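The next block holds one structure in the form of structure tokens; read it before the comments.
Chain letters run A, B, ... following the sequence lines, proteins first, then strands; residues in each count from 1. Keep in mind it's a predicted model, so treat the numbers as computed, not measured.
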2 protein chains.
Amino acid sequence: MDTSLKGTLHKRGLRMTPQRQLVLDAVRDLGHATPEQVCTRVQATAPAVNITTVYRTLDLLEELGVVRHAHLGHGAPTYSEHQHRHVHLVCHRCGRVDEAPTELLSGVAERTQADLGFRLDATHVALSGTCADCAAEHDAGTPDHEHDENDAAARAVEGDR
Amino acid sequence: MDTSLKGTLHKRGLRMTPQRQLVLDAVRDLGHATPEQVCTRVQATAPAVNITTVYRTLDLLEELGVVRHAHLGHGAPTYSEHQHRHVHLVCHRCGRVDEAPTELLSGVAERTQADLGFRLDATHVALSGTCADCAAEHDAGTPDHEHDENDAAARAVEGDR
DNA sequence: ATAACTGCAAAAGTTTTGCAATCGG
DNA sequence: CCGATTGCAAAACTTTTGCAGTTAT
């Protein structure tokens, strides 16, 4: 079967366009990207492409199963290739996104299935925490902040319970 | 130490107001709620309260460590009591939110710490998947949809690779 | 009294929609 | 050619901000 984007589109009576190829390329290159980031990347090559088209194309590619999105914490969803399966580890201090193999959650998946009948989709998940660098900084006593997450407040009350 | 909201506020030179109490009550009652939902709930009692106040109050309560927010998948963040620690399991078919004890992820936390130095915050996380009911429906061959997530598309292409 | 707080209106940011022009097959 | 696709402008939302009036202490 035809696995190319063009082929996938044609099967549905849809058309191949330069914009669609560029959006897909951008998603592939960027790894995890918000619609805005994808748009910027696309516009580096084709400045005329409108962000509306990016939104529409991302939706379409997702419907086709070519890309998927995950919610990595704050506002915007991020898109990545559907094939690119992994667990996201988002640092809520610096925003960095680490990746881990989906096997990381296989034990958890078994337990949610057994206990609650809940089938875990490991790839759509974003685990939140503090990355190695920020943890080191923090331990070294550098109390700097640059993000919106509530880790400071959380820690502050950690002892309350 | 004074653990009441009033006391917590006073320690910082802030004031107790009916609005603040109502917002906190709403968060407690609702379990997981978006700012919009909190606002609706508050307005059931005090219709004059503005959504701006709800946003500001949620931010404040979070800063005080009284509530926390988590990103449960789609757009809006949801707020819950800070003490109410658990892992969220969001069904991307029906939107239902199950809860599981944070211990569910303790093994994972150890591994991310060991492998990547990543310190997992289990409570800020939303694990995504299919809840028992929707899984049953799906297995029974009822292909109905009501949500924005990409599970259908994902499954559709599962065989492509 | 007086500084914190609130409500309102307006701004800012993001995503969606309507439509005429364009372009792929 | 014909209908899918695009770009633009405007709409629809959600969240934030500025300010004058109100209220807790």
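- Residues A:Glu36 and B:Leu9 each lie close to DNA chain C; by heavy-atom proximity, the contact nearer the 5' end of the strand is made by B:Leu9.
- For the pair A:Thr17 and D:dT5, the criterion of a side-chain N or O lying under 4.0 Å from OP1 or OP2 is not met.
- The side chain of B:Arg12 contributes no N or O atom lying less than 4.0 Å from OP1 or OP2 of C:dA4.
- A:His69 has its NE2 atom 13 Å from the C1' atom of C:dT15, to the nearest Å.
- Regarding A:Arg15, its CZ atom lies at a distance of 12 Å from the P atom of D:dC2, rounded to whole Å.
- Side-chain heavy atoms closer than 4.5 Å link hydrophobic residues (I, L, V, M, F, W, Y) into clusters, and following such links, even through other members, never connects B:Leu105 to B:Val97.
- The NZ atom of A:Lys6 sits 9 Å away from the C1' atom of C:dG24 (whole-angstrom rounding).
- Taking side-chain N and O atoms only, A:Arg20 has a distance below 4.0 Å to OP1 or OP2 of D:dT5.
- Projected onto DNA chain C by closest heavy-atom contact, B:Leu60 and A:Leu14 fall at different nucleotides, the more 5' of which corresponds to B:Leu60.
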*Let me see the working for B:His88 and B:His86 under side-chain hydrogen bond (donor to acceptor under 3.5 Å, both in side chains), right down to the final yes or no.*
CA-CA 6 Å; B:His88 303 113; B:His86 50 245; 3.0 Å; yes
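- In terms of phosphate contacts, B:Asn50 brings no side-chain nitrogen or oxygen within less than 4.0 Å of OP1 or OP2 of C:dT6.
- The nearest whole Å value for the distance from the NE2 atom in A:His71 to the C1' atom in C:dT14 is 14 Å.
- Ring to ring, B:His84 and B:His82 are not that close: their centroids are 6.0 angstrom or more apart.
- For the salt bridge (Lys or Arg N to Asp or Glu O under 4.0 Å) condition, the pairs that include at least one residue of residues 33-45 of chain B, sequence neighbours left out, are B:Asp29-B:Arg41.
- In the interface, the side chain of A:Arg56 is paired with the base of D:dG7 through a donor and an acceptor atom under 3.5 Å apart.
- Of the candidate nucleotides D:dT15, D:dG3, C:dC8, D:dT15 has the atom lying nearest to any side-chain atom of B:Pro77.
- Per the geometry, OH belonging to B:Tyr79 stands 10 Å off C1' belonging to D:dT15, to the nearest Å.
- One atom, CE of B:Met16, and another, C1' of D:dT22, lie 18 Å apart when rounded to the nearest Å.
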_Criterion side-chain hydrogen bond (donor to acceptor under 3.5 Å, both in side chains) on A:Ser80 and A:His32, from CA distance to verdict_ = CA-CA 5 Å; A:Ser80 52; A:His32 305 278; 4.7 Å; no
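- Where B:Tyr55 and A:Gly13 each meet DNA chain D at their nearest nucleotide, the meeting point lying more 5' is that of A:Gly13.
- Here the P atom of nucleotide D:dC13 and the CD atom of B:Gln37 are 17 Å apart, to the nearest Å.
- Atom CG of B:Asp59 is separated from atom C1' of D:dT15 by 10 Å (rounded to the nearest Å).
- In this model, the phosphate group of D:dG7 is not approached by any side-chain N or O of A:Thr52 to a distance below 4.0 Å at OP1 or OP2.
- Taking 4.0 angstrom as the limit, A:Gln19 places a side-chain polar atom (N or O) nearer than this to OP1 or OP2 of D:dG7.
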